[in-house]
Q: 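I have a structure I would like to understand better, so I am pasting it below and will then ask my questions one at a time.
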Amino acid sequence: MALAEAVKTCENSYTVENAMDALLSKLDEALDDVEHGRVLDEDELWAEVDAI
């Protein structure tokens with residue numbers, strides 16, 4: 001899962017609009033996950049962190 005993705009413009013730079021679109025897209029996905037119960041409980045979260 002990618003955390004964020006920005007699109008380069010023809011000037012080889014990122015725009016604030018691209019960054020905000022990526023951020024809001026990921027936030028929308030996260031809210032959808034919470035609404036549908038696709039989240040880890042605290043113990044599962046720490047197990048994932050410890051596995052890294």
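The structure presented is a predicted model; accordingly, all values stated were derived computationally and were not measured.
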Q: Any heavy-atom pair between the side chains of Asp21 and Glu17 that's under 4.5 Å?
A: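 Of all side-chain heavy-atom pairs linking Asp21 with Glu17, at least one is under 4.5 Å.
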Q: Would one find more than 12 heavy atoms of other residues, nucleotides or ligands at under 6.0 Å from atom CD of Glu44?
A: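 More than 12 within 6.0 Å, yes.
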Q: How long is the straight-line distance from CG of Asp33 back to CG of Leu40, given to the nearest 0.5 Å?
A: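 Output value for this atom pair is 10.0 Å.
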Q: Should Leu23 and Val16 be counted in the same cluster of Ile, Leu, Val, Met, Phe, Trp and Tyr side chains packed under 4.5 Å apart?
A: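 Yes: a chain of side-chain contacts under 4.5 Å links Leu23 to Val16.
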Q: Apply the test side chain to side chain contact (heavy atoms under 4.5 Å, CB included) to residues Met20 and Thr15: give CA-CA distance (whole Å), side-chain angles for both, the deciding distance (0.1 Å), then the verdict.
A: CA-CA 9 Å; Met20 287 302 298; Thr15 66; over 6 Å; no
